[in-house]
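All chains are named by letter (A, B, ...) in the order of the sequence lines, taking the proteins before the strands, and each is independently numbered beginning at 1.
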Amino acid sequence: MTDILKSGGTTPAARPRRPAGPLKRIAGFLLSIALTFLGLLLVTFLIGRVVPIDPVLAAVGDRANAETYERMRIEMGLNLPLWQQFIRYVGDVLQGDFGTSVLTSQPVLDDVRRAFPATLELATAAIIIGVAVGVPAGVFAAVHRGRWPDHLVRVLGLVGYSVPVFWLGLVGLLLFYAKLDWAPGPGRLDVFYDGLVDPVTGVITVDALLAGETEIFWNALSHLILPASILGYFSIAYISRMTRSFMLDQLRQEYITTARVKGMSETRVIWRHALGNIAVPLITVVALSYANLLEGSVLTETVFAWPGLGLYITNSLLNADMNAVLGGTLVVGAVFIGLNMLSDLLYRLLDPRAKK
Amino acid sequence: MTAREWLLSDTPQSRSQARMGRLYGGWLTFTGNRLAMVGLGIVVALMLMALLAPLIATHHPFAQDLANRLQPPSAANWFGTDQYGRDIWSRVVYGSRLTLYIVLLVALTAPVAGLLIGTISGYLGGWTDIVLMRITDVFLAFPKLILALAFVSALGPGIENAVIAIAITSWPPYARIARAETMTIRNSDFISAVRLQGASPTRIILGHVIPLCTSSLIVRVTLDMAGIILTAAGLGFLGLGAQPPLPEWGAMISTGRQYLLDQWWVATLPGIAIFVVSLGFNLLGDGLRDVLDPKN
């Protein structure tokens, strides 16, 4: 994944690369972001054009006469050449106009704005779990290389790479909700708490705290834990694997030996010196896995009836609501690209070696 | 001289002996890795299951028996029955054909496309390289599953369209790998020698560059198989992949969802099949990487 990031301003390798000034590098970075976003727009635009659903027919209904149909077609700009339609589309999206959802008959932007905080809440909780478990697990595995903690982390990682997230969600519901009754059922809140808190941020746990409703906060949190753990498990697999390999690199270095020879405690050597040195690459790993969680959330949200963007996109898909699908895809894609770029930027800013 | 000594000889007498010896050495490394052998076993078992499905299955995968619906696992129905009384074990067995079909189709299209784009881009350089790599980057920057969803929505649900959507979203990493390999190959002396003999770029790319790129690509493809299976199952689960009554594992989980709390076997058992198969491909890929890609 990281190789995407290092490509800002692709140059043919045959030509020796001239050292570029900071201004030129920033310009190159911005240009590559702009081009990637434009590519995203082009893809969603083209998908919208090849769909076997006639957007004009969807708007006027199948009982409209030929004249009305033609008028609507011109009004929607579908008589223009493709490239002009694309420019129109980019203009609309830049103004925040993603069209109207057929399913909810509301502007897609409003729908997305309502659904996004739910996804954000789920993904953020998942990444917190991923970092809190994944980093120590990776460190332990590296320190006890070849012994049981290492094997355990390796097996957990392998399972994480092989298990379907939606199946794990269903098994989790079956086990912790139906059989053990430890976790509440699907959804973000119990029904009788629904709508009691004014949405300020849209993130229910935060809203409940802002309103001082601790009971609702705990209820929301209990609903969050199971889906977030299931989703977080997948980032634990990735983060622990990367932490382990970064740590192994560090523990081989001579400064570690020096620190030990000086009589420094093992805890300090590992958790402060070695871990401190891998903080920068770890941040990029975390940012990347946060981006991947957005993707995993599509399936998790479906299983847990979590009213986020993923559920919104799949529901719209099953109802052939193209504006909503493409709008949702665009937003998730944009956030994903943004996070990728951010992790790249953080790496360049924080790691002095990258500033050559 | 035994066959083993002949293969492991330090002074091979012929090109074929050297080649066979290398293959044998790789095989020894591979078999020494117990987990990789487990992976190979799982993958071979999957292939046999798909090939011999009529012999292994106890029932016809579509045969309904409404009197016997939603029965728990028993001697007659090893994995129980679903909402139409169909035997889940037989459906899982026949489902291996669909899984293999999807994996093979993706594995035959996406890496080939990536290989061509990557080698052309890396060998020709210049503007071709800039344009092709920019397109690759755009595709790489997308969330794969979301993009596959959007493509399936445009193409319509179905197993072939799911394959197309997965292939469209999975070629860019192969292009990147192939380009990186090509860049190191193209400046080597033997390529210059071939070029001086008057070989065309097409001939050089197809005949000399691509064969050298394949081994690292094979490793990557094997490691990606699990991801392909999981994505295809995810699309099936969302109702966008294989359509009923096809016994695709993800779609089976999706229909079993509504019976989850009382008839757990309908949804959970096909999931275990997905898990075992993708675990097998992951283990196999790890083992192959150790053999074919000693750099890591």
Original post:
Tell me, side chain or backbone of A/Leu317 under 4.5 Å from chain B's heavy atoms, or both, or neither?
Top reply: side chain
Original post:
Any Lys/Arg nitrogen of B/Arg220 or B/Asp224 sitting under 4.0 Å from an Asp/Glu carboxylate oxygen of the other?
Top reply: yes
Subject >> Proximity breakdown for A/Ile47 and chain B, heavy-atom pairs closer than 4.5 Å >> reply: both
Subject >> Contact class of B/Leu240 relative to chain A, heavy atoms under 4.5 angstrom >> reply: side chain
**OP:** Examine whether an atom of B/Ile272 lies under 4.5 Å from a heavy atom of chain A, and if so say whether it belongs to the side chain, the backbone or both; otherwise answer neither.
**Re:** both
**OP:** Tabulate, in ascending numerical order, the residues of residues 300-310 of chain A having at least one heavy atom closer than 4.5 Å to a heavy atom of chain B, or enter 'none'.
**Re:** A/Thr302, A/Val303
**OP:** Below 4.5 Å from any heavy atom of chain B, which atoms of A/Val163 appear? Answer side chain, backbone, both or neither.
**Re:** both
**OP:** Between chain A and each of B/Thr136, B/Ile135, B/Asn282, count heavy-atom pairs under 4.5 Å; write down the option with the most.
**Re:** B/Asn282
Subject >> Top of B/Val277, B/Leu147, B/Val152, B/Leu238 for chain A proximity - count of heavy-atom pairs under 4.5 angstrom >> reply: B/Leu238
Original post:
Do B/Arg289 and B/Asp286 sit within salt-bridge range, that is, some charged N less than 4.0 Å from a carboxylate O?
Top reply: yes
Subject >> Segment of A/Ile313 engaging chain B (4.5 angstrom heavy-atom cut-off) >> reply: side chain
**OP:** For residues B/Ile191 and B/Ile204, determine if any side-chain heavy atom of one lies less than 4.5 Å from a side-chain heavy atom of the other.
**Re:** yes
**OP:** Count the heavy-atom pairs under 4.5 Å between each of B/Thr128, B/Val138, B/Leu261, B/Leu260 and chain A, then report the option with the highest count.
**Re:** B/Leu260
Original post:
Where on A/Val159 is there a heavy atom nearer than 4.5 Å to chain B: the side chain, the backbone, both, or neither?
Top reply: both
